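From a predicted model like this one, the values you see are computed outputs, not experimental measurements. By convention in this document, chain letters (A, B, ...) are assigned in the order of the sequence lines, proteins followed by strands, and residues within each chain are numbered from 1.
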Amino acid sequence: MITLLSIDKNVEFMIININSGKSAKHKLYTMGVHTNDCYIKTIGNGVGGPVIIQNKSNNSTQIAIGRELADKIIVEVKGEEVV
Amino acid sequence: MYKTIALIGQPNAGKSTLYNVLSDIKTSTSNFAGTSVRISESKINIYGDTFNLIDLPGTYSLNHSDNAEKVTFDYVLSNKCDLIINVVDAGLLARSLELTQELIETGIPMVIALNMMDEAQSKGLVIDEKKLSEILNIPVVPITAIFGKGVRTLSEVAFDVLNSSETKTNKFKFTAHIENRIEIVANDLKSNITLPRIDSRFFAIKCIENPDSISGFGLDLNCDKFNEIRREIEQQHNTDCFEAISYERHHIAMSLAEKISKFTKKERGPFASRLDNYLLDPVFGYISLFVFFGLMFFTIFYIGSAITSLVDPLIGNIIGSYQGLREVNIFLFLTVDGLFQGVAGALGIVLPYFLPLIIISSVFEESGYISRVAFLIDNVFSKIGLNGKAVAAFLMGIGCNIPAIYATRILESHRDRVLSAILIPFVPCSARISVIFALTAAFAGPIWALIIFAFVLLVIAVNGKLLSKFLKKPTGMVLEIPDLRFPSLQVSLGKTYYKLMDFGREAVPYLVIGSLALAYIEYFNVAKVLDYVFYPLLHYVLGLPEQLGSTLIFGFLRKELILVMASQALGVSSVAELPMSTPQVIVFIVFVTLYFPCVTTFFVLMKEFGAKIAFLSAGLSIAVATVGAFLFRIYFEIFKLF
């Protein structure tokens, strides 16, 4: 299983499942992060920090996700690196 | 009884900016999610009629996940709203429409204010607001609140809706099997709902997706029938009801956004996004962070000390001019001296450092850089038992600890809120920054100011680490990173002006009255009693002049008072003349910086977290201040510096 934490920066992916606790999962939904949607990981997790993702389809705002939570988000890589 | 208009929208949609334009009352705004965590209320006049205008904390959804969002949820269900103005960030249309759906479900009359249309256009987004209005049967008014554009039309439309008898909106429809069940639940609940303005459909949807959120309305939400309905939906969607409903809302919003908007060529160049890549980069981001805070530090230090050195001789001359009064009438002399020292302290000692600080912080808040700092510091904060989202509250603490403690409402878990609230009083507010800068500028130079700030960071880290050992694991960070904005000079200067007015209204009277009180304390020899009480701490532990005892009491009222009081208690006209050695001044600064911030912070802590946490925080800060200042004293005695 590939997690959001493990994929590279600028990679396009789809969220398959969010294996976190209920409250973190609900927070993600209310902030517009949903399963089966495509995103781009715009910033990686350098120096042990969080990651940033952006919804690909609706030009939405960027969402920063802590690395522990990012490690619980299962993703499927959709395409080549986008620059 | 005036009719009530509530501004509701997602964080950072511009509600407070719109509130400021509509009410002409200035509340805090910034380019960061969760700046408004409390309700602001004002009376406004439209066509001669008066209305209550309410600015509510931003909420992503009516399924609240933190206390700030709960404030909005509770207000919507308080049955007080006559009209909702749903403030929508036009640039984030699809996500914003998810909240719009929920607000429509309440059945409260609505107007949509499509804000930041200029930014949406620069992102290449063209929105057909007429089509949106037709689909929803709700008036939609495009506005750019920051420039007041469209706000007049918005208030006229709001007036019309408030005075209209026909306000039926078109509700969004979920898939048929969910709709059927919503109808069943709504019919069952209808007779027991005591809030006439709220549609039974809203309670039915909440009963299915998040029954806990409406548990306080005396409805039987867990009867066998409703449990069975939830089970059926979970089986059909292979997920919990919250996710099923949320997923449907998301898709309805996405398809609606696609119907009413289209992307064209972006007007904005890639500069903002390129800059953002640097600011968030794991290497350049931290370099920028250090450069930014370093520049901020030295700018405040040198501008402040330059202004002080200009003002000091003038203050000294004025003090010299009334010294003759001492021989004529000592009581009159002390009254005049007390009053003047208070004003001189505010204008000559505190303001020179306070002014550059609030100018820089106003620009900083407008730009959206706070979220970038939160992102960069998340990994450091996670090591002291918090997450990056708490950084925003800590940064607000640099201005004043009180809004910072309120800002902990944006944190989802109670554990994170309590830990932040205990640590925030260690963050030097503008008053304590003025104390640090004024005294180090007079005695030790900027390096010692830097060392003291570094020590404060260490104190926060060590206390966070130790306290988190007694608490459960911290929650993970989920934080919106809003677009970088070039700070508007007009808005930044406006914010600076209002912060300055607040200082004039709230701090200056304290400084003058405190200074006068100290003069009378001296006259009636009460200072000796206070000094006697603090003598063991000041003399034996910290090695400081005993006359500073009474100043510590005043510091509890407001920390700026320390500067005025110390000069007055030790009988000098400026802090540079204090009869103390440099090590003594540094020990004094460390103690003053760390011991309890001020009485207002104490009461806000008590209000937000209860007496136990407020006293724990007070006790901890006094203990940490004593130990910290003592360590500096020992250091100076061992190494014989200065």
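Note on A:Gly66, A:Ala70, A:Ser23, A:Gly21: by heavy-atom pairs under 4.5 Å with chain B, the leading option is A:Gly66. Per-residue heavy-atom pair counts under 4.5 Å with chain B were compared for A:His26, A:Lys25, A:Gln62, A:Lys22, and the maximum is reached by A:His26. Between chain B and the options A:Ile52, A:Thr42, A:Val33, the largest number of non-hydrogen pairs under 4.5 Å is found for A:Ile52. Between chain B and the residues A:Thr35, A:Leu69, A:Leu28, A:Ile18, the largest count of heavy-atom pairs under 4.5 Å involves A:Thr35.
For the pair B:Asp128 and B:Lys259, the salt-bridge criterion is not met [side-chain N within less than 4.0 Å of a carboxylate O]. Ion pairing between a basic and an acidic side chain is recognised when a charged N comes within 4.0 Å of a carboxylate O; B:Glu209 and B:Lys206 show such pairing. Residues B:Asp276 and B:Arg372 are paired through a salt bridge, judged by an N-O separation under 4.0 Å between the basic side chain and the carboxylate. Under the 4.0 Å criterion applied to side-chain N and carboxylate O atoms, B:Arg485 and B:Glu119 are assigned as salt-bridge partners.
Counting heavy atoms of neighbouring residues, nucleotides and ligands inside a 6.0 Å radius, atom CD of A:Glu68 does not exceed 12 of them.
Using a 4.5 Å cut-off between heavy atoms, B:Ser246 contacts chain A through both its backbone and its side chain. Residue contact with chain A, scored on non-hydrogen atoms closer than 4.5 Å, is absent for B:Asn210. Neither the backbone nor the side chain of B:Asp89 comes within less than 4.5 Å of any heavy atom in chain A. For chain A, no part of B:Glu258 is nearby; none of its heavy atoms comes within less than 4.5 Å.
A centroid separation of less than 6.0 Å is found between the aromatic rings of B:Phe381 and B:Phe394.
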